[in-house]
Amino acid sequence: MSILHRRLRRTLRALARDERGNVAIIFGLALLPTLGFVGVAVDYSQALTFKEYARGQSDAAALTVASNTSASASAIARAKEKVAERYGTRVENLDVTGDWITSGNYRVVISADVRNTILAAVPGMMAKTPVSVETVVELVPPQYATLPPELSQLSPEAADYNRLYMYCYDDERRNEPDKGRRAMTAIADNGGPGLDYSRATLPTCRAGEIISYKLRNIRNARSDSTKWGNAEDELPPAGQEVYEYYTDTTMDRATRVQKNRMSGGRIYRTGAPTPIDMEANPILETILCNTRQDCRPKSEGGILPNNHETGRTPATASGGCQEGKYLYFGWEDRPPTGSSDRDYDDIRLVVKCPQEVKTADKQIRIVK
């Protein structure tokens, strides 16, 4: 307790014990509201000063993260450190947090209890004033370059015909008619010399979009090209049993961890598709590789499962897909509900982790 607090309390106790007449009583009763008014003014000013300083630190942290998403942890820690250095024991319960509330908006919140100087000495008044500030910055989502796969292998031994597509996915548009999927482009199949993809123009994804993949599976059709249909065909060829699976990939801006919102099922020439529960019946395996050499089977000195390791539970990459690293995709062409051997090597794909397109102006602004 400060010297001022102790003096005020001693004064109030002395007045309460004073028996020399009504003057002391009246003076004591009048002093309480006076102290209250003074305390409100002084302590409010003190809390306002803290709020202005905290606002400056939250603004600086939010702008730092918006300019460099990999700096989120250090920016938040630095803001907390500076506030703590400035105010020390004058604040309690200091907390600084930051998060992406949308793909283009980053938020920093600083909260603390500021110790009151005068009100804390007045009976019945608050000892601390809670203060909180929030900064939200808006920026154009990053654009990532479209990189061709380093490796694409579709098993020529499969009975089914499989075709792989790249497309651009925007998770914020997933409820729109196109489900956030755009620029669907066929890049490989297992039909041998069938379709030529060497001249395919890869999709150019816009800001906020991430490259994703679609697998089109036509049952028992690999050896008969008349059953495949065109690469652009949205409907299954007449009389064919056709399935489609989408990765709908997202990537956290700060950690660069990729997640796949897998969906799929059988499609028909007319009528709604029959969906498949992709969590209960996973068809995709993902593995993060630090180097291109790591993205080889174990038999070749890499970290990937060897071909024909059957009956496996597929791995899911959980680390950040930082620039310079590689991501491996391994598919089963049929969900593991019946005839699948669960070796997750019917389709193999190795791609570089997304590379951000650098721009001179990130168009960052504080919106709150």
Side-chain angles (χ1 to χ4, degrees), residues 1-16 26-102 104-140 253-254 361-368:
M1 182 179 296
S2 69
I3 295 175
L4 177 60
H5 291 173
R6 289 195 291 270
R7 288 178 177 174
L8 285 171
R9 287 186 180 276
R10 283 199 298 269
T11 300
L12 292 173
R13 284 197 295 269
L15 287 171
I26 295 172
F27 177 76
L29 293 174
L31 181 61
L32 288 176
T34 301
L35 285 174
F37 287 128
V38 173
V40 168
V42 172
D43 292 328
Y44 175 78
S45 176
Q46 185 171 267
L48 185 61
T49 300
F50 171 82
K51 188 170 186 178
E52 291 174 352
Y53 183 79
R55 165 70 73 179
Q57 297 307 314
S58 66
D59 288 353
L63 290 170
T64 297
V65 176
S67 300
N68 180 8
T69 56
S70 63
S72 59
S74 60
I76 296 301
R78 179 60 177 160
K80 187 171 185 178
E81 178 184 338
K82 294 194 73 171
V83 175
E85 286 178 355
R86 177 72 171 265
Y87 283 89
T89 59
R90 288 181 287 170
V91 297
E92 298 178 5
N93 303 318
L94 175 61
D95 189 34
V96 183
T97 60
D99 65 321
W100 288 99
I101 54 178
T102 71
N105 294 90
Y106 187 74
R107 173 178 58 192
V108 174
V109 177
I110 299 180
S111 61
D113 293 329
V114 181
R115 293 171 64 92
N116 291 330
T117 301
I118 298 179
L119 289 179
V122 179
M125 302 301 286
M126 296 188 304
K128 294 171 287 188
T129 299
V131 177
S132 178
V133 297
E134 177 183 7
T135 297
V136 178
V137 293
E138 180 182 61
L139 71 161
V140 176
R253 299 186 66 162
D361 182 9
K362 286 183 174 290
Q363 302 179 34
I364 305 169
R365 65 190 181 100
I366 295 176
V367 295
K368 183 175 180 180

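Below, each value reflects all heavy atoms present in this structure, side chains not excepted, and no hydrogens, waters or symmetry copies. Computed from a predicted structure; not experimentally measured.
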query: Hey, are the side chains of Tyr106 and Ile364 touching, using non-hydrogen atoms and a 4.5 Å cut-off?
result: no
message: Can you confirm whether Gln57 sits close enough to Tyr53 that some side-chain heavy atom of one is under 4.5 Å from a side-chain heavy atom of the other?
response: yes
- prompt: Nearest heavy-atom pair of Val133 and Arg55: which atoms, and what distance?
  reply: CG2-N, 4.0 Å
message: When you compare the side chains of Thr135 and Asp59, does any donor N or O come within less than 3.5 Å of an acceptor on the partner?
response: yes
task: Start with the C-alpha gap between Leu94 and Val83, add the side-chain angles, then the distance that decides, and say whether side chain to side chain contact (heavy atoms under 4.5 Å, CB included) holds.
output: CA-CA 8 Å; Leu94 175 61; Val83 175; 3.9 Å; yes
message: Using side chain to side chain contact (heavy atoms under 4.5 Å, CB included), reason through Trp100 and Val65 one step at a time and then give a plain yes or no.
response: CA-CA 10 Å; Trp100 288 99; Val65 176; 4.2 Å; yes
- request: Please list, chain by chain and in numerical order, all residues satisfying side-chain hydrogen bond (donor to acceptor under 3.5 Å, both in side chains) with Asn93, sequence neighbours excluded.
  value: Asp113
task: For a side-chain contact (heavy atoms from CB on, under 4.5 Å) with Ile76, tell me which candidate from Asp99, Ile110, Val108, Thr97 qualifies.
output: Val108
field: Pairing of Glu81 and Arg78 as salt bridge, 4.0 angstrom limit
entry: yes
- prompt: What residues form a side-chain contact (heavy atoms from CB on, under 4.5 Å) with Glu134, not counting sequence neighbours?
  reply: Arg107, Val109, Val136, Lys368
- prompt: Excluding sequence neighbours, so at least two apart, what forms side-chain hydrogen bond (donor to acceptor under 3.5 Å, both in side chains) with Arg90?
  reply: none
- prompt: Of all heavy-atom pairs between Arg115 and Lys128, which one has the smallest distance, and what is that distance?
  reply: CA-CG, 4.1 Å
- request: State, to 0.1 Å, how close Thr64 and Ala71 come at their nearest heavy-atom pair, and which atoms those are.
  value: CG2-CB, 4.3 Å
